[in-house]
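These notes concern the structure reproduced below.
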Amino acid sequence: MFHRELPLHARAGWLIRLHEGRIAPGSEGGLLQPWQPWPEDVVLLGYWNDDPVAMIIETDPPPAAQDWPTGRQWLSRLPESQFSLLSTALQVGSWWRDHRFCGRCGSHAERIVREFAMHCPNCGHRNYPRISPCIITLVTHGKDMLLGRNRRFPPGRYSTLAGFIEAGESAEEAVRREIYEEVGITLGPIRYFKSQAWPFPHSLMLGFFAEATSRRIRIDEDEIADAAWFSPTQALPQLPPIYSISRALINTHLNAMKGEAAK
């Protein structure tokens, strides 16, 4: 299990090697390099099973770095228990890469060791890892589920609908706007489910269930390649990975429908 308390006094422990969103496989095929003394420029992450873990962000391409698995590839091979560790490494690595210079005055920023923060010695501006809130929604009409295909999905995959929350907008407003923009459907009741950090590159997914007021679909072809209603009693398309909140939304609905059918 991963704990986010920074190991401030540790000088050795597990190590993750990151380069441009790719992570080097460890000695046993996982994320973690063998226990070792840390170089001076490590980024402290926390504790993995009570042992300190840090990350080295490789700015120059190491040999064979292009063969390291991407974050999404790691997600498909790691157990769910390691999701928090992977998500933290990817999001902190992305933040560190993109905020080495002050966004206010352009000076070189300094990393604060005791927390995830970058400080500008010139103007005093401080920034923290960016979190971008998104909504992700399973739209239902009775027992049926509305699933869509984003143009970036692997062939055959369908998922729940999602989008970023805009400035000044509530999560519930974003649910209604995004669903209408993407598939032309208006919604009745909306119910919050749960959230999940999603490190591509720094999203926080807020999951919802929503009941459609009609079944007529009008696709926004800029983002959505296809969308359709799927019945739990029929064959389903290829679904999102099991660790994702989209899959959790779908499985929760399917299990609820099984429970109704068994009564």
Side-chain angles (χ1 to χ4, degrees), residues 1-7 14-26 29-33 42-49 52-59 61-62 65-100 103 111 115-118 127-137 150 152-154 157 159-165 171 174 178 193-208 223 239-250:
M1 181 177 293
F2 179 60
H3 300 282
R4 290 185 177 82
E5 178 186 354
L6 297 183
W14 300 114
L15 188 68
I16 293 175
R17 295 180 64 198
L18 177 74
H19 175 70
E20 297 294 333
R22 294 178 178 268
I23 296 178
L31 293 176
L32 300 174
Q33 303 293 316
V42 295
V43 178
L44 303 178
L45 291 181
Y47 289 86
W48 176 250
N49 292 335
V53 58
M55 176 171 61
I56 184 73
I57 301 174
E58 310 271 7
T59 54
Q66 290 304 309
D67 296 328
W68 294 358
T70 65
R72 291 184 185 275
Q73 289 170 334
W74 276 115
L75 285 176
S76 66
R77 66 176 68 177
L78 290 176
E80 186 177 356
S81 60
Q82 296 187 34
F83 180 84
S84 291
L85 174 61
L86 176 64
S87 179
T88 301
L90 290 173
Q91 292 198 49
V92 170
S94 174
W95 160 73
W96 184 90
R97 179 195 65 200
D98 295 343
H99 292 84
R100 286 176 288 175
R111 182 164 54 88
E115 57 180 333
F116 294 144
M118 299 289 279
N127 73 71
Y128 299 88
R130 177 179 176 180
I131 304 297
S132 300
C134 304
I135 58 89
I136 184 163
T137 308
N150 191 289
R152 296 171 295 176
F153 284 178
R157 177 176 294 175
S159 183
T160 52
L161 301 175
F164 287 100
I165 300 174
E178 283 286 346
F193 176 52
K194 66 177 182 179
S195 64
Q196 181 185 46
W198 194 247
F200 303 108
H202 38 60
S203 297
L204 175 64
M205 309 299 289
L206 306 177
F208 291 86
E223 294 186 37
L239 297 176
I242 194 67
Y243 52 77
S244 63
I245 190 172
S246 54
R247 185 64 174 270
L249 284 161
I250 293 169

- [ ] Report the C-alpha distance between I16 and L86 in whole Å, list the side-chain angles of each, state the deciding distance to 0.1 Å, and finish with yes or no for side-chain contact (heavy atoms from CB on, under 4.5 Å).
- [x] CA-CA 9 Å; I16 293 175; L86 176 64; over 6 Å; no
Open item on the list: Under 3.5 Å, is there a donor on one side chain and an acceptor on the other for S159 and R157?
Closed with: no
Task: Under 3.5 Å: donor-acceptor pair, side chain of H19, backbone of E58 - done: yes
Open item on the list: Checking the side chain of R22 only, and the main-chain atoms of D67 only, is there a donor and an acceptor separated by less than 3.5 Å?
Closed with: no
Open item on the list: Looking at every heavy atom in both T160 and T137, which two are closest together, and how far apart are they?
Closed with: CB-O, 3.3 Å
Task: E20 side chain near P61 side chain, heavy-atom distance below 4.5 Å - done: no
Open item on the list: Between S94 and Q91 (side chain of the first, backbone of the second, donor and acceptor by atom type, cut-off under 3.5 Å), is there such a pair?
Closed with: no
Open item on the list: For the backbone of P241 and the side chain of R247, can you confirm whether one donor and one acceptor N or O come within less than 3.5 Å of each other?
Closed with: no
- [ ] Please answer whether the main-chain N or O of M1 pairs with a side-chain N or O of Q82 as donor and acceptor at a distance below 3.5 Å.
- [x] no
Open item on the list: What's the separation between atom CE in M55 and atom CG in L32, rounded to the nearest 0.5 Å?
Closed with: 12.0 Å
Task: Pairwise distance CZ(F116) to NE2(H99) - rounded to 0.5 angstrom - done: 14.5 Å
Task: Rounded distance (nearest 0.5 Å) linking atom CE of M118 with atom CH2 of W95 - done: 5.5 Å
Task: Beyond-backbone contact of F200 with L75, side-chain heavy atoms, under 4.5 angstrom - done: yes
- [ ] Fit a plane to each ring of W198 and Y243, take the angle between them on a 0 to 90° scale, and name the class: parallel (under 30°), tilted (30 to 60°) or perpendicular (over 60°).
- [x] parallel
TODO: Heavy atoms only: give me the nearest R77-P69 pair and the separation to one decimal.
DONE: NH1-CG, 3.6 Å
Open item on the list: For a quick test of reading the model, state the closest non-hydrogen atom pair linking I57 to G93 and the distance between them.
Closed with: CD1-CA, 4.0 Å
Task: Student check: side-chain heavy atoms of V92 and L18 closer than 4.5 Å - done: no
TODO: Search all heavy atoms of S195 against all heavy atoms of L206 and return the closest pair with its distance.
DONE: CB-CD2, 3.8 Å
TODO: Go through F193 and F208 one step at a time and tell me if the side-chain contact (heavy atoms from CB on, under 4.5 Å) criterion holds.
DONE: CA-CA 5 Å; F193 176 52; F208 291 86; 5.9 Å; no
Open item on the list: Can you confirm whether more than 12 heavy atoms, excluding those of F164, are under 6.0 Å from its CZ atom?
Closed with: no
- [ ] Compare every heavy atom of W74 with every heavy atom of L31, then report the nearest pair and how far apart it is.
- [x] CD2-CD2, 3.6 Å
Task: Pairwise distance CD1(I56) to CG(L15) - rounded to 0.5 angstrom - done: 6.5 Å
Task: Pairwise distance CD(E178) to CD1(I135) - rounded to 0.5 angstrom - done: 5.0 Å
Open item on the list: Tell me whether R100 at atom CZ has more than 12 heavy atoms from other residues, nucleotides or ligands lying less than 6.0 Å away.
Closed with: yes
Open item on the list: How long is the straight-line distance from NE2 of H202 back to OG of S87, given to the nearest 0.5 Å?
Closed with: 12.0 Å
TODO: Measure across M205 and A162 and return the closest heavy-atom pair with its distance rounded to 0.1 Å.
DONE: CE-CB, 4.1 Å
TODO: Begin with the C-alpha distance, continue with both residues' side-chain angles, and end with the deciding distance and a verdict on side-chain contact (heavy atoms from CB on, under 4.5 Å) for V43 and R111.
DONE: CA-CA 9 Å; V43 178; R111 182 164 54 88; 4.1 Å; yes
TODO: Quick one: list whatever passes side chain to side chain donor-acceptor pair (under 3.5 Å) with N150, sequence neighbours left out.
DONE: R152
